[in-house]
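Below is one structure, written out as structure tokens; the observations come after it.
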Amino acid sequence: MASALHNLSSYDATTVPSAEDMSFGIVVADWNEHYTYAMAEAAIEALKANGASEENILVKHVPGSFELVYGAAWMMENEDVDAIIAIGCVIRGDTPHFDYICQGTTQGLAELNLHAEVPVIYGLLTCNTPEQAEERCGGRLGNKGTECAITAIKMVAYGDE
Ligand code: RBF
């Protein structure tokens with residue numbers, strides 16, 4: 001499994017452009033907040049570690065992952081940010097709800113990217129168990145928030161080289 005080999009928090013800093021002049025929006029779903037807040041914190045930390053300033057990082061909350069699509073679209077329309085990171089965590093339950101939320105949110109975020117002026121980074125964890133989420137939110141496999149932050153910086157710089 002690819003994720004078993006890849007730690008989400010490790011990256012080669014020499015390949016990351018400076019985020020000094022970049023601004024970021026982070027949309028965080030409150031559902032499963034134990035995980036999503038840990039991802040958001042890691043994302044903010046990684047943005048700052050690569051030069052972004054606190055005042056250039058805007059954080060807004062939505063109730064659940066499904067609302068990430070609207071939250072990201074709203075941010076794109078109303079805020080002056082260079083990239084948006086959408087952070088959510090869906091954990092499989094007893095009904096097919098999991099599949100609909102994952103499908104709808106993923107499709108929505110992908111569509112936003114097709115029409116977007118700024119990149120929207122996919123920070124949606126889709127887990128079968130809480131243990132899988134734990135492993136990816138600062139556990140054994142690192143933190144997906146860090147990976148999203150580095151991706152956001154690289155995408156803002158995309159085309160500049
Ligand atoms: N939102 C999440 O971000 N992660 C979840 O695991 C999640 N599970 C849900 C399970 C059920 C049964 C319901 C009703 C909602 C769930 N949501 C979850 C919330 C969803 O993204 C959205 O906020 C609501 O469906 C809007 O009413």
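Heavy atoms only: backbone and side chains are in, while hydrogens, waters and symmetry mates are out. As the structure lists them, so they are numbered: ligands from 1, and atoms in each ligand from 1. Computed from a predicted model, the values in this text were never measured in an experiment.
- Shown here is Glu77, whose CD atom has no more than 12 heavy atoms of other residues, nucleotides or ligands within 6.0 Å.
- The protein heavy-atom contact nearest to atom 20 (C) of ligand 1 is Ile101 CD1, 3.8 Å.
- Polar contact with ligand 1: present for Cys89 (N/O pair, distance under 3.5 Å).
- Partner of Thr36 under the side-chain contact (heavy atoms from CB on, under 4.5 Å) criterion, out of Cys89, Cys137, Ser65: Cys89 alone.
- For ligand 1, the atoms lying closer than 4.0 Å to a non-hydrogen atom of Asn32 are 4 (N), 5 (C), 6 (O).
- Closest protein heavy atom to atom 6 (O) of ligand 1: Ile91 N, 3.1 Å.
- For ligand 1, the atoms closer than 4.0 angstrom to any heavy atom of Ser65 are 1 (N), 2 (C), 3 (O), 21 (O).
- At the shortest separation from atom 23 (O) of ligand 1 among protein heavy atoms lies Glu67 OE1, 2.6 Å.
- For the atom pair Lys144 NZ and Leu141 CG, the distance stands at 11.5 Å (nearest 0.5 Å).
- If you check which protein heavy atom lies closest to atom 1 (N) of ligand 1, you get Trp31 CG, 3.2 Å.
- Within 4.0 Å of atom 27 (O) of ligand 1, not a single protein heavy atom is present.
- Atom OH of Tyr11 has more than 12 neighbouring heavy atoms from other residues, nucleotides or ligands inside a 6.0 Å radius.
- The CG atom of Asp30 lies 12.0 Å from the CD1 atom of Ile87; values are rounded to the nearest 0.5 Å.
- Ranking protein heavy atoms by distance to atom 25 (O) of ligand 1, first place goes to His97 NE2, 3.8 Å.
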